[in-house]
Peer 1: 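Quick one: structure below, then a few questions.
Below, read A as the first sequence line, B as the second, and so on, with proteins coming before strands; counting in each chain starts at 1. Given the structure is predicted, the values throughout are model-derived calculations rather than measurements.
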Amino acid sequence: MKLPPITNGFEIVYKKPDTLTDTPMHYCPGCGHGVVHRVLMEVVDEMKIQDKTIGVAPVGCSVFAYNYMNVDMQEAAHGRATAVATGIKRVLPDRFVFTYQGDGDLAAIGTGETVHTVNRGENILIVFINNGVYGMTGGQMAPTTLLGMKTTTSPYGREAASAGFPLKITNLITQLPGALYVTRQAVHEPNAVRRLKKAVRLAFEYQLLKKGTCFIEVVSNCPSGWKMTPQESNKWMEENMFPMYPLGDLKVPSQTMN
Amino acid sequence: MKLPPITNGFEIVYKKPDTLTDTPMHYCPGCGHGVVHRVLMEVVDEMKIQDKTIGVAPVGCSVFAYNYMNVDMQEAAHGRATAVATGIKRVLPDRFVFTYQGDGDLAAIGTGETVHTVNRGENILIVFINNGVYGMTGGQMAPTTLLGMKTTTSPYGREAASAGFPLKITNLITQLPGALYVTRQAVHEPNAVRRLKKAVRLAFEYQLLKKGTCFIEVVSNCPSGWKMTPQESNKWMEENMFPMYPLGDLKVPSQTMN
Amino acid sequence: MEHTPGTSEIRLMKGNEALAEAAIRAGLQAYFGYPITPQSEVLEYLAVHMPKRGGVVLQAESELAAINMVFGAAGAGARVMTSSSGPGISLMQEGISYMASAELPCLIVNVQRGGPGLGTIQPSQGDYFQATKGGGHGDYHMIVLAPSSVQEMADFVFESFRLADKYLTPVMILSDGALGQMMEKVALPPEGSLPFIEKPWATTGKKPGQKRRIITSLFMQPEEMEEVNLRLQTKYRLIEKQEVRYEALETDDAEIVLVAFGLAARICEKALTLAREKGFKVGLLRPISLYPFPSKVFASLATNAEMFLVVEMNAGQMVEDVKLAVEGKRPVHFKGRMGGMIPSPEEILSEIETVIENEQVNT
Amino acid sequence: MEHTPGTSEIRLMKGNEALAEAAIRAGLQAYFGYPITPQSEVLEYLAVHMPKRGGVVLQAESELAAINMVFGAAGAGARVMTSSSGPGISLMQEGISYMASAELPCLIVNVQRGGPGLGTIQPSQGDYFQATKGGGHGDYHMIVLAPSSVQEMADFVFESFRLADKYLTPVMILSDGALGQMMEKVALPPEGSLPFIEKPWATTGKKPGQKRRIITSLFMQPEEMEEVNLRLQTKYRLIEKQEVRYEALETDDAEIVLVAFGLAARICEKALTLAREKGFKVGLLRPISLYPFPSKVFASLATNAEMFLVVEMNAGQMVEDVKLAVEGKRPVHFKGRMGGMIPSPEEILSEIETVIENEQVNT
Amino acid sequence: MIRGKVVIAQDICKGCELCITSCPQESLGLSDKINIKGYRFVELVKDNCTGCVNCALVCPDAAITVYRQRKEVFKANQNMKKAV
Amino acid sequence: MIRGKVVIAQDICKGCELCITSCPQESLGLSDKINIKGYRFVELVKDNCTGCVNCALVCPDAAITVYRQRKEVFKANQNMKKAV
Amino acid sequence: MTTAHEIIIAGFGGQGVLSMGQILSYAAMVEGKEISWMPSYGPEMRGGTANCTVIVSDVRISSPILSKYDSAIILNQPSLDKFADHVKPGGLLLYEKSTIINPPTRSDIEIIGISAVAEAHKLTSKQVANMVLLGAFLSRRPIVSLENVVKALKQVLPAHRQHLLPINEQALKRGKELVNELIGESV
Amino acid sequence: MTTAHEIIIAGFGGQGVLSMGQILSYAAMVEGKEISWMPSYGPEMRGGTANCTVIVSDVRISSPILSKYDSAIILNQPSLDKFADHVKPGGLLLYEKSTIINPPTRSDIEIIGISAVAEAHKLTSKQVANMVLLGAFLSRRPIVSLENVVKALKQVLPAHRQHLLPINEQALKRGKELVNELIGESV
Ligand SMILES: Cc1ncc(C[n+]2csc(CCOP(=O)(O)OP(=O)(O)O)c2C)c(N)n1
Ligand SMILES: Cc1ncc(C[n+]2csc(CCOP(=O)(O)OP(=O)(O)O)c2C)c(N)n1
Ligand code: SF4
Ligand code: SF4
Ligand code: SF4
Ligand code: SF4
Ligand code: SF4
Ligand code: SF4
Ligand SMILES: [Mg+2]
Ligand SMILES: [Mg+2]
């Protein structure tokens with residue numbers, strides 16, 4: 001993007017990272033995916049590791065993540081991103097490898113891969129976008145859908161008795177000794193974005209330690225799936241998702257590294 | 001089996017349950033599988049629920065479990081026993097449904113099904129035989145294999161850095177709200193067997209409550225896979241497996257039912 | 001087909017929805033599935049309507065779990081189905097092989113999309129081989145029915161459950177994204193019009209004095225396993241004898257016979273009209289049962305027709321079965337579009353013209 | 001085959017072990033797999049020997065995970081393989097379809113056992129269709145090589161890696177439990193005898209100034225997806241032209257030609273000897289590449305031979321490809337054993353006698 | 001107060017209004033016009049931007065570039081004011 | 001002490017010796033003979049079994065049936081002893 | 001002497017092209033006709049173009065997918081570019097004018113551009129531009145009656161939107177008028 | 001004039017039938033012959049029967065799986081029942097006597113029963129009955145030399161079992177003697 005000339009005396013204090021392509025993103029207005037992409041690439045830019053970073057895109061709305069994040073990327077089968085990342089990291093152990101996955105991808109069909117990848121302590125970063133719904137396929141129930149929440153496949157609201165409980169997979173994998181750094185973040189307001197960026201930075205740096213898996217859950221929105229405006233969706237998220245999925249660190253390296 | 005006449009004044013204080021068939025079991029000498037089969041059937045006998053019980057056999061050494069346990073049974077694909085049990089229980093909600101699975105079956109290939117079945121709180125009993133090895137296929141490493149333990153696929157001893165950590169899947173699923181009753185037992189000595197039986201009895205009784213999944217891990221041996229005599233294997237189990245997989249209840253209904 | 005007694009109700013519905021509604025009316029007791037475009041409407045429709053009408057709908061954690069839930073429910077005697085598309089159906093291959101081996105009845109719906117890989121969500125017929133030759137391991141078949149209208153999306157559900165119960169086998173409805181998404185009028189038979197049959201083999205709990213039931217696909221002794229296979233093969237021969245279904249349109253005087261199934265057959269029907277308008281003697285044979293394949297009808301067609309033109313939305317799969325049936329007696333041509341592309345009637349018409357021209361040059 | 005330069009070492013080995021050792025010598029960089037009889041020795045052998053010789057061996061949590069690890073490693077440019085049998089291979093179908101679509105090279109070994117379902121662990125050839133027609137969704141092929149000796153278990157590993165890299169495609173070695181478990185002498189080429197090629201498309205990290213690499217099988221626009229399919233089909237035509245492999249034994253004067261692959265071909269070889277001793281003019285055609293199938297050779301055989309007898313350890317799968325190749329010019333008979341049963345040479349001999357008799361009656 | 005400016009890529013903006021909500025200065029608003037994709041896009045509606053970057057941080061489409069007065073310039077200005 | 005007896009299904013026994021280890025009375029031992037499956041089986045080697053059931057509980061092959069003197073009989077015997 | 005009418009309706013997602021086709025189809029069902037409604041479909045995320053093919057016929061419908069149409073109802077430029085050439089000679093091309101920069105130029109078909117969006121805005125803030133277009137279309141190709149379209153609407157609209165019936169009806173009529181005015185003007 | 005020798009070796013799992021076949025195969029390899037060793041295989045749990053087919057040949061071996069054998073070496077009754085009829089006329093049937101209740105009766109083949117287990121016990125507590133049988137077999141069918149069997153053993157035994165070499169060698173020789181004594185006696 002060409003930037004217009006600006007009165008002298010001004011300097012750029014924020015521009016999109018070079019590692020984000022200029023391709024317009026296909027996400028719905030207000031969808032959190034775009035922010036997370038950008039933050040990831042900001043860190044890649046800052047750490048100057050574009051040439052060493054390999055990403056894995058999931059099947060979900062972010063299936064086209066590789067169109068936006070300007071690093072080498074592979075597109076994995078639904079739920080298998082961490083297996084694909086394992087394959088990459090094992091043969092290229094000095095690269096920075098990350099997966100980017102939705103809640104259907106990571107916490108439903110990919111549960112086995114998620115648990116075992118973390119249990120092996122694969123030295124990768126798993127970025128997990130929890131928007132409580134299957135965005136891409138049109139708003140079906142996800143494992144993380146809240147009780148009572150209506151989706152196209154829980155038209156009367158999710159009921160625990162038949163559909164089970166919201167799955168806090170991040171809490172589960174925190175228990176695994178292979179997990180090095182586990183944190184839950186959001187992107188609904190500027191400071192949340194700042195915190196996410198710190199977490200991503202840490203996670204990439206930890207990857208050099210080869211001491212285990214870094215896992216960042218981002219509690220996010222899906223205005224389309226939730227049938228809300230972006231603002232409504234963020235508000236609803238704060239009021240309903242955050243109590244179930246409280247933000248903050250679940251595990252930091254000091255706890256496991258001595 | 002015809003029992004010989006015994007001096008008058010004696011009475012039978014222990015005989016194998018009627019619900020165990022007379023088919024000789026194919027297990028190796030001293031293998032814990034047989035004890036667990038028997039205990040399950042003792043409870044079915046005592047509760048007089050043979051006509052209401054449906055079991056699901058796994059792929060593993062206990063693949064032929066249906067030859068021994070004289071109840072209606074289905075043989076599931078490797079790792080899918082709890083999915084099969086879900087199918088059964090959902091269409092026959094008033095039956096007692098249990099799965100019987102090894103650590104390869106339940107904690108490796110079946111991880112996704114295990115987590116989600118418990119997360120849905122399917123009203124079934126999952127019996128999980130943790131012998132730290134793939135018995136049936138000849139002693140390969142299981143997710144529960146201890147660090148340093150030699151198997152045919154960890155010939156130099158399991159190393160966390162490449163093969164990950166022993167997976168305490170029972171602890172993981174204990175966290176899930178769908179889990180009603182979770183306990184870890186053994187069968188290496190008479191009192192352990194007695195305790196297991198109590199646990200099985202409880203689990204079957206809880207199934208009537210329709211309040212969630214019961215999960216019984218049995219830490220067991222695999223003399224063949226471990227390349228030990230039965231006695232050695234039990235001793236090794238006590239000294240090495242129990243510290244990693246301590247026996248006892250992990251969750252009892254009172255904790256979750258109020 | 002004799003399965004729609006009683007008066008039926010006419011509605012305008014999407015193919016996926018018509019199929020789902022038909023399933024409920026056919027006595028569906030349990031559905032296990034996982035979302036995937038272009039078939040998610042099946043699960044969504046059932047999620048709305050099954051609870052009201054009794055019956056289980058469960059969104060599984062994966063297609064792998066879904067097919068194994070189907071296994072369990074079928075083994076417990078329930079009328080049960082699942083549905084998916086491309087990648088999801090691939091994930092079910094192990095389970096399908098298990099069900100075929102354990103001889104469990106169920107309905108599996110594949111609303112095909114373009115592959116291979118993640119591919120595209122546009123309509124395709126690229127899973128013909130997988131459906132008819134057995135994408136899973138071992139020697140087995142499913143009965144495979146290919147609807148070509150929304151009406152058939154509904155009708156074949158009844159037919160499938162009936163066949164599944166009769167032959168104790170998984171049955172697949174091989175549809176595609178277009179048929180799933182399009183709306184047409186559909187006449188729906190009333191609920192309860194498909195009777196339930198006794199399933200003495202189902203694991204429902206061993207009654208005192210009765211023999212217990214074991215459902216398994218494990219037969220460790222090869223002799224025993226061969227027995228099972230022989231039983232399966234005998235069943236398949238019977239199915240091949242009794243359950244062939246096809247539709248022939250204007251084949252009597254046809255010099256060139258189009259062969260197509262499903263959506264492609266609908267398009268061929270239009271191409272046939274266009275071709276007849278131009279004076280070409282064109283007929284259409286539409287295999288409805290893809291397994292059992294209507295091989296025999298080709299023998300008689302081959303005596304009159306001069307050539308065949310197989311039209312598929314794939315790289316040429318059914319064309320092999322046509323060639324096997326024609327046994328080299330007549331030339332068999334092929335026109336295909338791939339990866340979600342749909343041939344237009346005009347495109348087929350021009351292919352008809354081309355092959356006629358070429359054959360005339362050749363002979 | 002030109003892939004074994006240098007002096008080779010002769011050993012007595014199990015087929016599975018020979019294959020594993022050959023893989024190491026062929027420069028295997030990563031193996032991902034999951035135990036299953038009768039192929040677990042591959043993983044076990046590699047677990048012992050790979051660490052010493054550099055390279056990754058990882059026991060995955062499932063076959064599903066394994067094939068997707070293979071995807072990742074292949075995409076990262078590594079020489080990579082997996083192995084399994086029946087049920088495990090079925091679980092890989094989605095992944096295989098993805099790899100075919102993304103055009104990633106790798107080796108998949110199927111040491112077949114009897115199916116369908118859990119079946120038996122005895123040797124079988126029941127997965128022919130799955131391997132050659134595409135058990136996964138969409139239009140794709142793998143190159144499929146069928147060894148019939150321990151030597152070929154080793155040789156075909158080199159061949160497979162070479163072909164996989166050349167055509168950017170998954171290659172399958174379709175073996176069976178007997179070949180995996182039996183021991184024979186095997187000559188092993190030295191390590192490093194198979195060169196590595198540049199893989200500029202591999203995701204190894206985008207170097208400054210270079211174009212970055214994307215590995216995907218998603219092509220949302222059907223036009224684009226059809227392009228990909230056309231590219232694949234062009235590749236398959238090339239493979240069909242260039243990579244056909246078969247072995248013909250005493251076919252020159254043969255009146256009846258046995259057709260068999262893998263273990264069945266070995267048994268047929270014995271039957272051939274027995275038959276020749278009895279004065280029957282019998283030949284043997286052994287397809288080595290099952291895809292591409294050696295169709296063309298049948299045209300010439302059909303001019304001399306009076307009939308074909310296809311022998312398989314399944315219910316009749318390759319026989320379809322033989323019939324397609326023979327195009328009705330000669331009768332094609334079939335003799336099969338299923339579910340882990342192995343036909344004996346004498347059994348084949350008597351089948352030869354039967355078909356000869358019947359044909360004489362018929363004509 | 002330090003002065004800032006934002007430049008919004010109008011063709012990229014999807015009018016989600018998240019930047020509007022997060023701007024502490026209420027400097028941003030939706031335009032009445034529609035961009036090539038059919039979205040009403042965002043523009044600066046008040047000249048009180050401080051360059052705090054908030055809007056850019058929450059923008060899902062990376063549509064915002066933020067400028068701020070250099071510190072020297074700011075200080076110079078401050079000093080000028082003081083001087084005046 | 002109450003008296004017990006065990007009956008061991010010798011053709012079923014696999015000679016794993018777990019019952020031997022768990023018998024508090026050391027009443028059990030391996031036979032020198034071999035059963036139809038080729039296993040040395042277990043037999044009562046001392047007549048001091050109390051019918052405590054331990055052996056049967058740990059037997060993986062459900063090969064052991066345990067008998068015990070009826071309480072009445074035991075008591076009668078005790079009384080007899082006392083009487084003597 | 002084809003008894004079928006083959007229509008393509010195309011525009012941006014969100015402009016109501018799919019529901020326009022559905023309502024037409026329902027109306028035809030009310031009249032006892034054969035119908036086929038075939039949508040383009042994609043991942044459910046917003047944006048992008050959408051279209052549907054509607055065939056209304058007195059006899060069994062063969063291909064639901066076509067490359068030539070009797071009529072085209074077009075709501076944006078990309079769709080116009082894509083489908084203008086696919087109208088059969090003698091056919092009808094009806095389009096929404098506001099966003100069209102390059103209007104169609106064929107002389108062998110009937111071409112009508114109306115300002116449906118503007119008209120809709122005049123009627124209401126709700127999006128009924130598609131009904132204006134449908135009314136306009138039916139004025140030139142009365143393959144179903146306006147009454148039956150209204151009946152169809154009644155059936156199709158969910159309970160909480162039944163109150164929108166009058167405004168939809170108005171829009172349909174306005175569309176009809178618009179075309180009549182235009183035809184009066186130009187033809 | 002077949003240049004191949006086709007052998008079946010069968011008994012209980014654990015009696016060492018598979019390794020007997022392997023050692024024979026290694027010895028044949030030392031002699032530069034073609035070999036095929038084909039085991040029965042099953043789930044790895046103990047028990048059940050096991051067998052292997054060994055073919056030693058001067059030329060390329062066709063089928064590794066056979067239904068007729070030149071020689072059979074049999075270690076238990078079920079295997080005897082299964083394979084006795086599959087020895088080619090003129091062939092050799094060698095069996096371990098101790099557990100055989102119904103000895104073989106064919107008159108068109110050479111039948112030799114020896115007490116290999118008892119002999120092995122005399123030699124050592126280690127299980128070398130299979131080597132006694134192998135020695136006996138080679139005495140009647142010297143398809144490889146005893147020296148080469150010993151060479152093979154040397155190659156095959158892992159380091160920590162190399163000390164068992166002498167006892168194995170003794171067992172081989174004892175087998176040979178046994179047969180020679182027997183032949184002396186009976187034939
Ligand atoms: C094997 C398989 N099953 C199902 C699908 C269909 N599918 C595509 S995306 C998706 C869910 C995506 O949800 P999530 O992972 O939460 O991502 P989001 O779209 O919400 O970002 C599904 C089920 C598929 N492509 N492959
Ligand atoms: C899909 C599939 N993969 C692999 C196998 C092979 N297999 C059979 S049993 C087994 C492991 C059994 O181990 P475990 O579950 O621990 O049971 P155990 O034998 O130890 O009791 C495996 C991998 C299979 N049958 N199917
Ligand atoms: S559907 Fe939901 S997750 Fe997907 S792009 Fe739209 S808002 Fe985002
Ligand atoms: S292999 Fe292990 S688990 Fe299997 S029967 Fe033998 S001892 Fe038991
Ligand atoms: S930089 Fe800060 S003040 Fe300026 S527009 Fe953005 S949010 Fe408002
Ligand atoms: S946040 Fe970005 S996309 Fe949303 S309105 Fe503001 S500039 Fe536009
Ligand atoms: S019952 Fe008790 S005392 Fe008697 S043999 Fe058994 S363990 Fe020993
Ligand atoms: S525990 Fe049972 S099987 Fe083991 S030795 Fe005792 S009686 Fe025999
Ligand atoms: Mg999601
Ligand atoms: Mg185990």
Peer 1: Just so I know, are the side chains of D:Met341 and C:Glu223 near enough to count as touching, which here means a heavy-atom distance under 4.5 Å?
Peer 2: yes
Peer 1: Report yes if some heavy atom in the side chain of D:His137 is under 4.5 Å from a heavy atom in the side chain of C:Ile89; otherwise report no.
Peer 2: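 In short, these two side chains do not touch, never coming nearer than 4.5 Å.
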Peer 1: Which of residues 124-136 of chain D have a heavy atom under 4.5 Å from any heavy atom of chain C?
Peer 2: D:Gly126, D:Asp127, D:Phe129, D:Gln130, D:Lys133, D:Gly134, D:Gly135, D:Gly136
Peer 1: With a 4.5 Å limit on heavy-atom distance, are the side chains of D:Met92 and C:Ser90 in contact?
Peer 2: no
Peer 1: Under 4.5 Å, heavy atom to heavy atom: which of residues 93-106 of chain D reach chain C? Give them by number, or say none.
Peer 2: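 Residues D:Gln93, D:Glu94, D:Ser97, D:Tyr98, D:Ser101 are the ones that qualify, each having a heavy atom under 4.5 Å from chain C.
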Peer 1: To the closest 0.5 Å, what do you measure between CE (D:Met313) and CG (C:Asp139)?
Peer 2: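 If we round to the nearest 0.5 Å, D:Met313:CE and C:Asp139:CG are 11.0 Å apart.
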Peer 1: Name the region of D:Glu320, side chain, backbone, both or neither, that has any atom closer than 4.5 Å to a heavy atom of chain C.
Peer 2: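 Both parts, heavy atoms under 4.5 Å.
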Peer 1: At a 4.5 Å cut-off on heavy atoms, which part of D:Ile342 comes close to chain C: side chain, backbone, both, or neither?
Peer 2: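 D:Ile342 has no heavy atom closer than 4.5 Å to chain C.
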Peer 1: Output the distance between atom CD (D:Gln221) and atom OG1 (C:Thr120), rounded to the nearest 0.5 Å.
Peer 2: 7.5 Å
Peer 1: Measuring heavy-atom distances to chain C, does D:Asn110 have an atom under 4.5 Å in its side chain, in its backbone, in both, or in neither?
Peer 2: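 Neither; nothing under 4.5 Å.
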Peer 1: May I ask you to decide if D:Met338's main-chain N or O and C:Glu226's side chain share a donor-acceptor pair within less than 3.5 Å?
Peer 2: yes
Peer 1: How close do C:Met225 and D:Gly119 get, heavy atom to heavy atom, and via which atoms?
Peer 2: SD-CA, 3.3 Å
Peer 1: Rounded to the nearest 0.5 Å, what separation is found between the NZ atom of C:Lys329 and the CD atom of D:Glu327?
Peer 2: 12.5 Å
Peer 1: Heavy-atom cut-off 4.5 Å, strictly under: side chain, backbone, both or neither for D:Glu224 against chain C?
Peer 2: neither
